[in-house]
Amino acid sequence: MSLLLVPDLEAVTQSDEHRHIFIRHFAVTSLPEISRAQSEFVTAATAAFTAENKQAPGQEAIPGVELNIRSHLTAVSSKVVGIRINTFSSSLSDSGTQYRTQWFGPRDSAVRGSQDLFGTDDDWTEFKEFVIQAASADSRVAIGNILDLDDEWLGSVNFDFEGNALIEFDDNVLGPGSTGPLVVTVNAARVAPLLSTFGVLAREASTTPSPRVQLDTSQQADPQQEDGVPTPDAGEGSPEPPEEQSSPPRNINCAKTKCVALTFDDGPGPGTGKLLDMLKAAQAPSTFFVTGPNAKLRPKFLKRMAAEGHEIGNHTWSHRSLTALPAPTIQREIDRTNAVIAQAVDHPATLLRPPYGARNSITDRLARTPVILWDVDTLDWKHRNTAKVIDSAVNQSSPGSIVLMHDIHSSTIAAVPKVLEGLRAKGYTFVTVSELLGPVGLKAGESYTRALRPTTSPGNKVAKTLR
């Protein structure tokens with residue numbers, strides 16, 4: 001469902017590039033219980049993941065190890081909110097996706113689970129019998145497993161638009177071969193008589209969602225709080241400019257000019273509008289590699305980027321490590337994000353940045369665009385320290401550098417004025433990635449880390465990564 005159904009809902013994005021962790025969960029000002037429950041879930045899942053996959057300081061990311069948590073809105077009304085959480089975890093010993101749904105009411109002091117949707121223990125038991133019957137018809141299900149159905153396996157129960165109950169099982173819990181999402185449907189006529197009063201409201205909020213009125217704005221968080229719970233308009237900056245303000249094409253030869261390309265990943269975030277104000281004031285075109293859900297949530301920021309001379313790149317939909325995915329899934333990750341970008345600015349992205357920089361010949365081919373990495377990593381995702389971002393960006397850059405930052409962190413946005421000032425004092429011209437690399441010929445399916453330093457063959461080529 002559209003996040004706009006909850007006016008004070010904010011998507012909070014967090015990442016750990018070193019450990020290959022990406023999280024996108026929700027916070028709602030008027031329902032602090034949602035913020036608390038979502039944050040506690042993320043904290044517990046992250047702690048369990050890092051404990052299982054310990055890395056020594058400075059150690060490279062462990063191949064194949066990844067944590068990806070994403071929240072989805074499944075039900076909305078003035079009385080109920082439902083949030084489904086997908087948690088993909090991959091370690092050296094196991095991998096798969098777990099599904100949980102959290103249910104909330106306006107006066108709840110605690111998150112509700114699947115069993116709260118049903119009236120009595122007997123109703124819950126009867127519902128489980130219906131689940132067993134429906135699951136037994138699936139050839140992927142081991143009958144012995146489903147007959148021993150555990151309550152914990154029913155952590156994600158939702159309703160479709162027809163009122164049927166949808167039970168989403170964790171990968172592989174029902175037996176060998178049940179890979180990928182396995183969803184069991186129990187008919188609406190069987191489910192309806194078993195529901196509690198809260199369950200009836202939850203089902204109505206799923207079948208006929210309605211906008212939720214913001215209940216209380218008196219306890220809004222500080223918009224500058226680092227990765228906290230900003231208000232929906234926090235840091236949005238000036239409104240979207242009219243089309244006639246679009247910047248004309250520039251003629252800059254970075255083979256002769258001291259150029260640097262600033263890039264921002266994972267957004268647009270709540271503070272991206274403020275960042276755009278800074279870049280506009282400094283006349284510093286940059287490149288934004290956006291994730292699909294954030295681009296869909298904030299299309300007006302994409303319109304501003306395009307109108308003000310910035311470049312928009314594709315950072316995939318789910319921020320999964322592409323090298324761990326099958327080719328069809330990689331293609332969907334790219335295409336789905338391109339569709340959202342095209343809807344906002346009338347054309348898809350012409351560049352791809354793979355999450356975590358994870359790429360190979362297959363991902364490069366499926367990109368169908370140049371693949372852009374970086375040679376200056378500010379590590380802003382790690383230390384969340386404005387001074388360190390400034391120091392890294394200003395002192396590690398050289399002519400032709402591509403600088404990696406993330407516009408989901410307020411500490412990074414706070415650093416940008418000094419980054420611009422420091423680099424400009426050193427004589428740098430700010431350009432987009434295509435302006436930086438374009439004169440020597442960007443090619444679809446090839447990957448690039450910076451300009452002016454050939455690494456794979458002689459001649460006038462930009463540097464291409466080999467990792």
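If you're wondering where the values come from, they're calculated on a predicted model, not measured in any experiment.
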Check: Is the backbone N or O of G64 less than 3.5 Å from a side-chain atom of S90, with the two atoms forming a donor-acceptor pair by type?
Finding: yes

Check: Under the 3.5 angstrom rule, does the side chain of K303 hit a backbone N or O of V345 as a donor-acceptor pair?
Finding: no

Next item on the list: Would you indicate whether Q343, at its atom CD, is surrounded by more than 12 heavy atoms from other residues, nucleotides or ligands within a distance under 6.0 Å?
Entry: no

Check: Any chance the rings of Y356 and H18 have centres within less than 6.0 Å?
Finding: no

Next item on the list: Begin with the C-alpha distance, continue with both residues' side-chain angles, and end with the deciding distance and a verdict on side chain to side chain contact (heavy atoms under 4.5 Å, CB included) for T337 and T291.
Entry: CA-CA 7 Å; T337 302; T291 57; over 6 Å; no

Note to self: Given T412, which partner from the list T386, D380, T378 fulfils the side chain to side chain donor-acceptor pair (under 3.5 Å) test?
What the structure shows: D380

Checklist line | Donor-acceptor pair between N158 and T101 side chains, under 3.5 angstrom | finding: yes

Check: With no hydrogens and no angle check, is any side-chain donor or acceptor of S39 less than 3.5 Å from a backbone partner on S35?
Finding: no

Margin query: Is it true that Q283 and R424 share a donor-acceptor pair across their side chains at a distance under 3.5 Å?
Written below: no

Margin query: We want to know whether T329 and R332 form a side-chain donor-acceptor pair, criterion being a heavy-atom distance below 3.5 angstrom.
Written below: yes

Check: With a 4.0 Å cut-off, would you call D170 and R100 a salt bridge?
Finding: yes

Checklist line | Donor-acceptor under 3.5 Å (Y428 side chain, S397 main chain) | finding: yes

Check: Do D266 and T13 have side-chain N/O donor and acceptor atoms under 3.5 Å apart?
Finding: no

Notebook entry, point to check: What heavy-atom pair brings A393 and L423 nearest, and what distance separates the two atoms?
Noted result: O-CD2, 3.6 Å

Next item on the list: Please work out whether the ring planes of H409 and H406 are parallel, tilted or perpendicular, with thresholds of 30° and 60°.
Entry: tilted

Note to self: Would you say H319 and N68 are linked by a side-chain donor-acceptor pair, where the criterion is simply a distance under 3.5 Å?
What the structure shows: no

Margin query: When you measure from the side chain of Q14 to the backbone of R24, do you find a donor-acceptor pair of N or O atoms at a distance under 3.5 Å?
Written below: no

Notebook entry, point to check: At their closest point, which heavy atom of R353 faces which heavy atom of I402, and how far apart are they?
Noted result: NH2-CG2, 3.5 Å

Note to self: Testing the 3.5 Å rule here: is there a donor-acceptor pair between the side chains of S89 and Q98?
What the structure shows: no

Checklist line | Exercise: do S156 and R84 side chains pair donor with acceptor under 3.5 Å | finding: no

Check: Any side-chain donor-acceptor pair under 3.5 Å between D407 and T272?
Finding: yes

Check: Would you say the side-chain atoms of R359 pair up with the backbone N or O of D364, donor to acceptor, closer than 3.5 Å?
Finding: no

Check: Hey, is R320 close enough to E333 for a salt bridge, meaning N to O under 4.0 Å?
Finding: no

Note to self: If the threshold is 4.0 Å, N to carboxylate O, is there a salt bridge linking D16 and K382?
What the structure shows: no

Notebook entry, point to check: Between S114 (side chain) and L154 (backbone), is there a donor-acceptor pair under 3.5 Å?
Noted result: yes

Checklist line | Donor-acceptor pair, side chain of N314 and main chain of I334, under 3.5 angstrom | finding: yes

Next item on the list: Answer yes or no: is there a donor N or O on one side and an acceptor on the other, between the side chain of E435 and the main chain of T432, under 3.5 Å?
Entry: yes

Margin query: What I want to find out is whether E66 reaches R19 closely enough, with some N-O distance under 4.0 Å, to be called a salt bridge.
Written below: no

Item checked: Taking every non-hydrogen atom, the tightest pair across E152 and D150 -> N-OD1, 2.8 Å

Checklist line | No-hydrogen, no-angle side-chain donor-acceptor test under 3.5 Å, S398 and R450 | finding: yes

Notebook entry, point to check: Within the distance-only criterion (no hydrogens, no angle test), does the side chain of T363 pair as donor or acceptor with the backbone N or O of L322 below 3.5 angstrom?
Noted result: no

